[in-house]
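Residue numbers run from 1 in the order of the sequence given. Hydrogens, waters and symmetry mates are skipped; everything else that's a heavy atom, side chains included, is used. All values derive from a computational prediction rather than experimental measurement.
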Amino acid sequence: MEQMALTDRQDYEEYRNELKRKLDETSENFIIIGYILKQVRDRQLYRNGDYGDINAFGFGEYGLSKSTVSRFMNINTKFSVGGNSREIKPEYRGYGSSKLQEMLSISEEDMALVTADTTVDQVQELKKAVGIQKQTEREERENSLPLLRMAAGETGGGTQETEPADPFRELLTQFWLENEELYRKVAAGLATPEIVAEEISPSGSMTYRNGVNIVFFYDLERGAKMRIYEKGKAEIRQYTYQEIVAITLGLDIAQNHAAGKKTPEPVEGTGQGEKLPAAAPQPESGEEPAPYVPMPGQSSVEDLTGVMPDREAAGASADNRADAAGTDTGDVIDGEYRELDAERTDTRKSAECPYADTDVRNAISYFDIEYIRMTGLHQDTPKHRHYKIALECIRKCHRDIAEQLDREAYMGKEG
């Protein structure tokens, strides 16, 4: 018994001194630190220092908090050979201590996504995706309660569910919308899988997250892995860069861009920001533009019949149109319309039409320029739609002036 007590005392001093040294060494020694703490705990060696438990020992000897002591031991359990040894598992050699700590709460399945090149920020992005998954699962459980199912059945109408889109294609589309330069090379056949791998993941690890789904891009040899949450469960799918190029060539990025699906650029290698509002698709060159359909509550051109004057009934003369032809469209500045201060010489103002030709021409130019500008920026806002209504109204009510402006623009291009 005395011999055992002496042995325990010697082991205690040895472990205590060794632990001090290991705390000052590299992060991989976290495995050893966790092992020693577990030995002191399991064999109750802390009693040799008059401590009541392992947490009191860690704080009294080294100033370690309860959570830090627990973290060291958990790291050893998860990342050491056999779960309780001094040796780190070979696949985790070179991992920093910060990353090991971030990985503690990651499931065994998701561990396959993390490599030695993966950064702490990228691990955190993975944990965000997992967090969104858990929130989604909670909402699904709540919505599956009997009363909620009954309420949904009363108003559901028996609508047929559409087949879901491929999550990888959706995520890849969003990724290319934020990396247009490289996408153009891929679409033109100028980027081989080797180039794509080097451009996307030069360090050997890059992540891109779209809500609950996240993809890890590695080097050419390892390809990419995507964690997909679908139909109530998460799974990991692997892709080669050859497959990524082939899938990319089959994507309609131009249509998605025109539909306003482009999103703000996220922090490199991490998640996405809030999506911009969608813009209406624009007609191809030579096609007739589709008629604008007002939103509920908005006015249309027909609603304003009788309110705006009919220019055909105003009896405008060709001489007045010629006088107005020299108007400078430079009076449309920075999206704000400025009324001309110069004295007007046209005589078309009347009780029926209180606007001079110059006013009408500049109004058409202003709304035309602003509408085209916002369309080019993929802005589908109430202002964008109202400008289109205003432009259609003015062109319909002042058709002769609008046609004259169109002719002048055409002649200018021909010249």
Side-chain angles (χ1 to χ4, degrees), residues 1-131 133-134 204-205 207 216 227 234 236:
M1 191 71 178
E2 292 181 359
Q3 182 65 31
M4 184 179 295
L6 179 60
T7 302
D8 287 349
R9 183 67 186 181
Q10 290 173 342
D11 289 343
Y12 169 76
E13 293 296 335
E14 180 182 348
Y15 283 141
R16 188 172 71 90
N17 293 330
E18 184 180 7
L19 184 53
K20 174 61 177 174
R21 292 194 304 270
K22 295 304 180 183
L23 281 171
D24 296 330
E25 293 179 3
T26 63
S27 58
E28 288 191 12
N29 283 320
F30 274 40
I31 298 294
I32 300 176
I33 295 170
Y35 172 78
I36 295 173
L37 286 170
K38 288 164 71 175
Q39 291 298 310
V40 174
R41 178 198 63 188
D42 296 344
R43 296 172 59 183
Q44 298 185 353
L45 298 177
Y46 49 78
R47 291 183 177 180
N48 288 276
D50 296 325
Y51 294 107
D53 56 26
I54 187 62
N55 296 317
F57 165 78
F59 183 79
E61 291 290 334
Y62 313 106
L64 302 177
S65 67
K66 180 178 179 180
S67 60
T68 302
V69 170
S70 175
R71 195 154 50 243
F72 277 130
M73 293 189 294
N74 289 338
I75 287 175
N76 178 271
T77 300
K78 189 163 187 173
F79 301 110
S80 71
V81 175
N84 189 25
S85 68
R86 294 171 174 267
E87 185 180 357
I88 189 172
K89 291 179 181 178
E91 60 267 33
Y92 299 122
R93 288 200 177 101
Y95 285 45
S97 59
S98 297
K99 187 159 64 177
L100 292 179
Q101 293 180 70
E102 287 291 343
M103 293 168 62
L104 278 175
S105 58
I106 295 177
S107 68
E108 290 298 324
E109 293 78 11
D110 291 339
M111 294 281 283
L113 295 167
V114 183
T115 69
D117 297 320
T118 305
T119 66
V120 172
D121 288 343
Q122 291 164 4
V123 176
Q124 291 173 346
E125 280 300 304
L126 172 59
K127 294 170 73 173
K128 288 179 183 178
V130 175
Q133 172 189 328
K134 291 179 179 178
S205 180
T207 60
F216 281 69
R227 185 187 191 276
I236 296 175

- [ ] Specify the closest pair of heavy atoms between I106 and V123, including all atoms of both residues, with the distance to one decimal.
- [x] CD1-CG1, 3.5 Å
Open item on the list: With side-chain contact (heavy atoms from CB on, under 4.5 Å) as the criterion, how do V130 and K134 come out once you've worked through the C-alpha distance, each side chain's angles and the decisive distance to 0.1 Å?
Closed with: CA-CA 6 Å; V130 175; K134 291 179 179 178; 3.8 Å; yes
- [ ] Look up atom CD1 in I33 and atom CD1 in I75, then write down how far apart they are to the nearest 0.5 Å.
- [x] 9.0 Å
- [ ] With the side chain counted from C-beta on, respond yes when F30 and Y35 share a heavy-atom pair under 4.5 Å apart, and no when they do not.
- [x] no
Task: Side-chain heavy atoms of K78 within contact of K89, under 4.5 Å - done: no
TODO: Determine whether S105 and K127 make a side-chain contact, defined as any pair of heavy atoms from C-beta on separated by less than 4.5 Å.
DONE: yes
- [ ] Indicate yes or no: does E18 engage R86 in a salt bridge with an N to O separation below 4.0 Å.
- [x] yes
Open item on the list: Any non-hydrogen side-chain atom of D121 less than 4.5 Å from a side-chain atom of Q124?
Closed with: yes
Task: 4.5 Å side-chain heavy-atom contact, T207 and L126 - done: no
Task: Verdict with supporting geometry, I236 and L113, side-chain contact (heavy atoms from CB on, under 4.5 Å) - done: CA-CA 8 Å; I236 296 175; L113 295 167; 3.8 Å; yes
- [ ] Begin with the C-alpha distance, continue with both residues' side-chain angles, and end with the deciding distance and a verdict on side-chain hydrogen bond (donor to acceptor under 3.5 Å, both in side chains) for Q122 and S205.
- [x] CA-CA 9 Å; Q122 291 164 4; S205 180; 2.8 Å; yes
Open item on the list: Measuring only between side-chain heavy atoms, which start at C-beta, is T115 closer than 4.5 Å to T118?
Closed with: yes
Open item on the list: For the CZ atom of F216 and the CG atom of D117, what is their distance to the nearest 0.5 Å?
Closed with: 12.0 Å
- [ ] Drop me the distance from Q44's CD to I54's CD1, to the nearest 0.5 angstrom.
- [x] 10.5 Å
Hey, can you pull the donor-acceptor pairs under 3.5 Å for the side chains in residues 67-74, sequence neighbours left out?
from	atom 1	to	atom 2	distance (Å)
S67	OG	S65	OG	3.1
T68	OG1	S65	OG	2.9
S70	OG	N74	ND2	3.4
R71	NE	Q101	OE1	2.6
N74	ND2	S70	O	3.2

Task: Separation between CG of D110 and CE of M103, rounded to the nearest 0.5 Å - done: 10.5 Å
Open item on the list: Distance to the ring centre below 6.0 angstrom and angle to the axis at most 45 degrees; does that hold for K99 and Y95?
Closed with: yes
Open item on the list: Determine whether R227 and E125 satisfy the following criterion, salt bridge (charged side-chain N to carboxylate O under 4.0 Å, His left out), listing intermediate values before the conclusion.
Closed with: CA-CA 12 Å; R227 185 187 191 276; E125 280 300 304; over 6 Å; no
Open item on the list: Check this for me: does any side-chain nitrogen of one of R43 and D11 sit under 4.0 Å from a carboxylate oxygen of the other?
Closed with: yes
TODO: Please examine the side chains of N76 and K38, heavy atoms only from C-beta on, and report whether any two atoms are closer than 4.5 Å.
DONE: yes
Task: Smallest separation among heavy atoms of I31 and S85, with atom names - done: CG2-O, 3.7 Å
Open item on the list: Run the side-chain hydrogen bond (donor to acceptor under 3.5 Å, both in side chains) test against N55 and tell me which residues pass, sequence neighbours left out.
Closed with: none
Open item on the list: If you define the side chain from C-beta out and look only at heavy atoms, does anything of Y51 sit under 4.5 Å from F59?
Closed with: no
Task: Check ion pair R9-E14 (N to O, under 4.0 angstrom) - done: no
Open item on the list: Under a 3.5 Å distance rule, please check whether N29 uses its side chain to pair with a backbone N or O of I32 as donor and acceptor.
Closed with: no
TODO: Give a yes or no answer on whether the side chain of N17 reaches the backbone of E13 with a donor-acceptor pair at less than 3.5 Å.
DONE: yes
Open item on the list: To the closest 0.5 Å, what do you measure between OH (Y15) and OH (Y46)?
Closed with: 15.5 Å
